[in-house]
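Contents: one structure, followed by commentary.
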Number of protein chains: 2
Amino acid sequence: MVDSMAKNAPLSRSREDYLAHIYRIQAVGHNVNTGEVAQHLGVTPASTSAMFKRLAQEGLVNYKSYSGVSLTEEGERAASHVVRRHRVIERFLTDILGIGWERVDEFANRMEHAMPDEVLEAIERLLGGPDTCPHGYPIPSEEGKLAVATGQPVEALVAGEWAVIRHVDESDTELLRHLRERGLVPGTLLQVAETNLIDGTRTLRIGDSTLVVGQRIARALFVDRVVDDA
Amino acid sequence: MVDSMAKNAPLSRSREDYLAHIYRIQAVGHNVNTGEVAQHLGVTPASTSAMFKRLAQEGLVNYKSYSGVSLTEEGERAASHVVRRHRVIERFLTDILGIGWERVDEFANRMEHAMPDEVLEAIERLLGGPDTCPHGYPIPSEEGKLAVATGQPVEALVAGEWAVIRHVDESDTELLRHLRERGLVPGTLLQVAETNLIDGTRTLRIGDSTLVVGQRIARALFVDRVVDDA
DNA sequence: TAGATGAGTTAGTCAAGTCTAACTCTGAGC
DNA sequence: GCTCAGAGTTAGACTTGACTAACTCATCTA
C-alpha cells in the first residue's frame, strides 16, 4: 500500500520471523494476536507491537491498534517464501540427512533466513518436489499463495470414526519423538475405537495394533475423516 | 585472556565474519591489516578498528593500535569452526547439489552462520569426510588448528617446471568459471612450457593440450612443484 | 452500565554494529 | 633526521530491534 518501501530490499531476519509466524496462524484460520506472536518468537508484547507498526508502514500487514494484524498480499507473498524455505529445509534434513523430525523445526528456524533461492531450488530438485514438510504441513507454492492446512484434532472424532493423519503439531520436541516411535505420522490411517470423556484418553486402532493416547496427543494430531466403505 | 567473556555465548554473525577473514589471511602467512579486512567485508576501516578492539577485549585477537591483529588461541578455535563450516558447505553445494564452484563461496558466506553443528556433521558424513573445499583449501579439523594452505602462484614457476594445482583464488567469479572450463582445478598436473616476461603470459601443458594464460590466472593458480622423474 | 482485569500500546532506554569526519601515527623518500 | 601521504584510529551520530515501566483500551462480570 504505502510505497515507502525500497523496491526489493531483502527483509530483515526479524521481519521474516514475524511474517512467517503470522502466516502460520492465518493458515490454520486463527486470528493473530500480539501476545501469541510475542510468546512464540520469545520477545515481549511491546516489541511485537512495535514490529507490527513497522510492518504495517511497509505495507506487509494490515494493522489497527488493539485489533490484531493480517497479512497484505505483499506480506503473504513474502511470508510464504519464508515458510516455503522452512518446510523444504525440514524435508531435506529428514530425508537426505536422516535427522529426526523432532529436531528439524528448530534447525530450519536458523537456516531458513540464510538460504539462497538457487540453493533451495537445487534441494527441491534433489527431493523431487515435495508437497509437505515432515510434519505434514503443505509447502507453499512459488507463487506465494496462503497454503491452508486442513484437518482437525483427533480430539474432535467420536468412537468408530476412521481418519488419516494429515499433520502434527510441531512445537513440542518430546511429543514428536513420542509420535514417531508409535507410528503416528502423516498418512497413517487410524480408527477411534473408544473415547474416554472423563480422562480425555482415546483408544486408537492402527493396522492390527491398538494404542491408548492421552489428551495432549489427541490435540496434537490433526486428521481428515475417512468414510468407512467397508 | 580477559575473562569478561560469557562462557559459551555464540559469536555474533559479524564477529564470525571478521574472525574467519583474519584466519584466512593468517593461513596464507600474511599480516592482517585493517584496510584489507574492511575492504573484504565491505565495511569502513573505522568499523573494522572498532571491531578489532571489541574482539581484543573478548580475548579473541591480539591487537595493538596501528600494528594489526592476530588470532589468540581461542580466536583461532572460533575462526576455524567458521571456516570449517564454510568449506564443508561449499563441498556440499558443488558435490551434492551440483552448483558451480564459482558461486558457492558467496552462498556459503550466507549459510555458514546459520548451520547447526549437528547438520554440519550429517553433511560431512554424507560427503565422506572431505579434506578440502572445491577450490582446494584445506578444511580445518574439529580441533580448530590453523590449516595452512601450501602452494605458490604459477607466476613463480620458470619454464620447464612441473607442478600440481593445489588451490585457486576464489574471490573472482568470472575467473573461476574460466578456470573450470579450462580444467584448471585442484589436482591437475601441468608443466610450464614457456614464460613470456614481457606480457606476463604463461604457456601451460596439461596432458596433451597446451594453454596460454594471462597474468591474472598465473597469480590465481596456486601450485606445488613436482620433481620431473622422467 | 460501571468497574476491574488483562491484553495491547506507548515512551524512553539500551546494545550492537555501522557510518562520516576529523584526528594521529608510521614509515618511505629525501 | 624531517616531512608528508596514506593507513589507521577516535569521536559522535544513526539504525534496528530489543527491553521495562507506565499507560490505555476492550470486554466480562456484577
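Note on naming: letters A, B, ... go to the chains in the order of the sequence lines (proteins, then strands), and numbering restarts at 1 for each one. As the structure is a prediction and not an experimental result, all values here were calculated from the model.
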Q. Can you tell me if A:Asp169 and A:His135 form a side-chain donor-acceptor pair at under 3.5 Å?
A. no
Q) For the pair made of CE in B:Met51 and C1' in D:dT9, what is the distance, rounded to whole Å? A) 16 Å
Q) Can a side chain N or O of A:Tyr18 be found less than 4.0 Å away from OP1 or OP2 on D:dA18? A) yes
Q. When all nucleic acid strands are considered with a 4.0 Å heavy-atom cut-off, which category describes A:Phe52: base, sugar-phosphate, or nothing?
A. nothing
Q: Quick one: pull up CD1 in A:Ile123 and CZ in A:Arg125 and give me the separation to the nearest 0.5 Å.
A: 10.5 Å
Q: Compare the minimum distances between each of C:dT20, D:dG17, C:dT18 and the side chain of B:Ala46, then state the nucleotide with the smallest one.
A: C:dT20
**Q.** Listed partners of A:Thr44 passing side chain to side chain donor-acceptor pair (under 3.5 Å), at least two apart
**A.** A:Ser47
Q: Determine whether the side chains of A:Asn62 and A:Thr72 contain a donor N or O and an acceptor N or O closer than 3.5 Å.
A: no
Q | Distance in angstrom units between B:Glu36 CD and D:dG6 P, rounded | A | 19 Å
Q) Looking for any heavy atom pair under 4.0 Å, which part of the strands does B:Arg15 touch: base, sugar-phosphate only, or nothing? A) sugar-phosphate
(Q) Nearest whole Å is fine: how far is D:dG17 C1' from A:Leu19 CG? (A) 15 Å
Q: Let me know the distance between CG of A:Asn31 and P of C:dG8, rounded to the nearest Å.
A: 11 Å
Q: Starting from P on C:dC25, measure out to CG on B:Asn33 and report it in whole angstrom.
A: 19 Å
Q: Remember a base hit wins even if backbone is also touched, and classify A:Ser47 as base, sugar-phosphate or nothing at under 4.0 Å, heavy atoms.
A: base
Q. So which nucleotide from D:dT9, D:dA18, D:dT16 ends up closest to the side chain of B:Thr34?
A. D:dT9
Q.
If you count every heavy atom of other residues, nucleotides or ligands that lies below 6.0 Å from A:Glu121 atom CD, does the total exceed 12?
A. yes
(Q) How many whole angstroms separate atom CZ of B:Arg54 from atom C1' of C:dG17? (A) 6 Å
Q. Rounded to the Å, how far apart are A:Leu41 CG and D:dG17 P?
A. 13 Å
Q) Is there a side-chain polar atom (N or O) of A:Ser65 under 4.0 Å from OP1 or OP2 of D:dT24? A) no
(Q) By nearest atom, which of the nucleotides C:dT18, D:dT9, D:dT20 is closest to the A:Thr44 side chain? (A) D:dT20
Q.
Looking only at the side chain of A:Tyr66 (C-beta and beyond, no hydrogens), which of the listed nucleotides D:dA26, C:dT18, D:dT16 gets closest?
A. D:dA26
Q: Would you indicate what B:Ser12 reaches in the nucleic acid, counting non-hydrogen atoms under 4.0 angstrom: base, sugar-phosphate, or nothing?
A: sugar-phosphate
Q: Would you mind classifying the nucleic acid contact of B:Thr48 as base, sugar-phosphate or nothing, using non-hydrogen atoms under 4.0 angstrom?
A: nothing
Q. A:Glu58 CD to D:dG17 C1': how many Å, rounded?
A. 12 Å
